[in-house]
Amino acid sequence: MCGNWKMYKTPGEARALAREVANGLRGADDGPEVAVCPPFPSIPAVREILEGTSVAWGAQNCSPHLEGAYTGEVAVPMLVDLGCRFVILGHSERRQIFGETDSSVHEKLQTVLGAGLTPIVCVGETLDEREAGRTEEVVDRQIRGAFEGIPGAEVGRTVVAYEPVWAIGTGRTATPEQAEAVHRRIRATLSGLHGEDVATATRILYGGSVKPGNAGELFSQPNIDGGLIGGASLSARDFLAIVGAECSTE
Ligand code: 13P
């Protein structure tokens, strides 16, 4: 289970939220793996609180380059130094607002894997694409664009997040059946690329308006391995309730 805090939470606010999340999970070490991804400047504050707890932390983006004259960018070795375990890649907000493409996601994926961190690769169709019956084609292209040419052993330790763009921040969730159908398809595509063992090992999260009230039925689907949570992860109470919903479906 991963919280994507997007561009919310100053370092001070992030510290408080991380503390609430960690306190809420204290003693629940046999539950699902939990991580939060704050904005870059809030990562050190979150680390201060979460070090030594069961909650991991990560970043929302990175440069494909290890260092260099790239003003405004953040390199993966910097994230390693900050104790990050995860990096979200290719979120639809980055694709739509900042022009990221399948090939930039692929490059970043190689860099993140090379550093030993766990990428969370986001894919998902827009409303227009769904209505035109193109969901599978779009998601296939995004999965192939990211994972083609990456060694199977590496792919098996990645995380994919299916986030239909029309469900992000809209309050309109995919039905469990809609989400499960795409998750099943993603696993089949991964299986075609890298074999069934790799496809089975790859965790596939669902993201898009997950709330305490709908989390349980989403996570009970066979191919939904957890969630990537936006808005609801900004409230410790909601986020903890969603983690609890996953516990009860395990
Ligand atoms: P919401 O949970 O706010 O819909 O956002 C989902 C998301 O984009 C997570 O990465």
Side-chain angles (χ1 to χ4, degrees), residues 1-9 13-14 17-18 21 32-40 42-43 46 55-62 79 84-98 100 104-105 108-109 112 117-127 129-130 135 138-139 142-143 146 158-176 178-179 182-183 186 203-219 221 224-246:
M1 182 71 53
C2 182
N4 172 8
W5 292 0
K6 306 195 178 183
M7 200 176 74
Y8 295 98
K9 303 297 174 187
E13 293 166 344
L17 178 55
V21 170
E33 188 173 12
V34 176
V36 295
C37 295
F40 291 127
S42 299
I43 293 175
V46 163
V55 184
W57 57 95
Q60 301 169 18
N61 180 33
C62 66
L79 301 177
C84 288
R85 198 177 308 156
F86 296 93
V87 187
I88 297 172
L89 295 178
H91 191 279
S92 64
E93 286 149 18
R94 298 226 47 96
R95 293 179 192 256
Q96 295 200 315
I97 307 170
F98 301 102
E100 289 205 15
S104 67
V105 172
K108 292 178 183 195
L109 178 63
V112 169
L117 300 189
T118 301
I120 301 176
V121 177
C122 300
V123 299
E125 80 288 1
T126 63
L127 186 58
E129 288 163 344
R130 173 162 284 263
T135 299
V138 168
V139 171
Q142 292 169 331
I143 292 287
T158 67
V159 178
V160 172
Y162 169 55
E163 300 207 313
V165 177
W166 47 271
I168 295 178
T170 58
R172 185 177 165 193
T173 324
T175 64
Q178 283 174 323
V182 180
H183 281 232
I186 290 171
R203 284 165 291 170
I204 309 178
L205 311 181
Y206 170 79
S209 297
V210 178
K211 306 285 178 226
N214 60 24
E217 52 173 3
L218 284 161
F219 300 154
Q221 300 299 310
I224 300 185
D225 302 320
L228 181 56
I229 317 300
S233 72
L234 300 173
S235 146
R237 209 173 79 174
D238 286 356
F239 187 59
L240 291 167
I242 292 170
V243 173
E246 188 179 358

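In each ligand, atom 1 is the first atom listed, and ligand 1 is the first ligand listed.
- When each atom of ligand 1 is checked for a heavy atom of Gly231 under 4.0 Å away, the hits are 1 (P), 2 (O), 3 (O).
- At a heavy-atom distance under 4.0 Å, only backbone atoms of Ala167 (N, CA, C or O) approach ligand 1.
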Audit row: His91, Gln60, side-chain hydrogen bond (donor to acceptor under 3.5 Å, both in side chains) steps and yes/no: CA-CA 8 Å; His91 191 279; Gln60 301 169 18; over 6 Å; no

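- Scanning Lys211, His91, Arg172 for the heavy atom closest to atom 8 (O) of ligand 1 points to His91.
- Of all the atoms in ligand 1, the ones that sit under 4.0 Å from a non-hydrogen atom of Asn4 are 9 (C), 10 (O).
- Ser209 contributes a side-chain N or O that, together with a main-chain N or O of Ala167, makes up a donor-acceptor pair within less than 3.5 Å.
- Heavy-atom separations between Lys6 and ligand 1 include at least one value shorter than 4.0 Å.
- For OH of Tyr8, the number of neighbouring non-hydrogen atoms (other residues, nucleotides, ligands) closer than 6.0 Å is 12 at most.
- With Asn4 contributing its side chain and Gly230 its backbone, the two residues share no donor-acceptor pair below 3.5 Å.
- In summary, the atoms of ligand 1 found under 4.0 Å from a heavy atom of Leu228, numbered by their order in the structure, are 9 (C), 10 (O).
- Partners of Arg237 under the side-chain contact (heavy atoms from CB on, under 4.5 Å) rule, at least two apart in sequence or in another chain, are Ser235.
- Although no hydrogens or angles enter the test, the distance criterion places no donor-acceptor pair under 3.5 Å between the side chain of Glu125 and the main chain of Val139.
- Checking only distances, Ser209 does come within under 3.5 Å of ligand 1, N or O to N or O.
- Looking at Arg85 and Glu33, a side-chain N of the basic residue comes within less than 4.0 Å of a carboxylate O on the acidic one, giving a salt bridge.
- Not a single heavy atom of Ser233 sits closer than 4.0 Å to an atom of ligand 1.
- Using a 4.0 Å cut-off to heavy atoms of Glu163, the atoms of ligand 1 that qualify are 6 (C), 7 (C), 8 (O), 9 (C), 10 (O).
- Taking Tyr162 as the reference, His183 meet the ring-ring contact (aromatic ring centres under 6.0 Å, His included) condition, with sequence neighbours excluded.
- At least one N or O atom of Gly169, backbone or side chain, sits closer than 3.5 Å to an N or O atom of ligand 1.
- Not a single heavy atom of Ala232 sits less than 4.0 Å from an atom of ligand 1.
- Proximity of Ile168 to ligand 1, defined as any heavy-atom pair under 4.0 Å, is shared by backbone and side chain alike.
- Closest to atom 2 (O) of ligand 1, if we only count protein heavy atoms, is Gly230 N, 2.9 Å.
- Under a 4.0 Å criterion applied to the non-hydrogen atoms of Gly208, ligand 1 contributes the atoms 4 (O), 6 (C).
- In this structure the side chain of Val87 never reaches within 4.5 angstrom of the side chain of Pro119, judged on heavy atoms.
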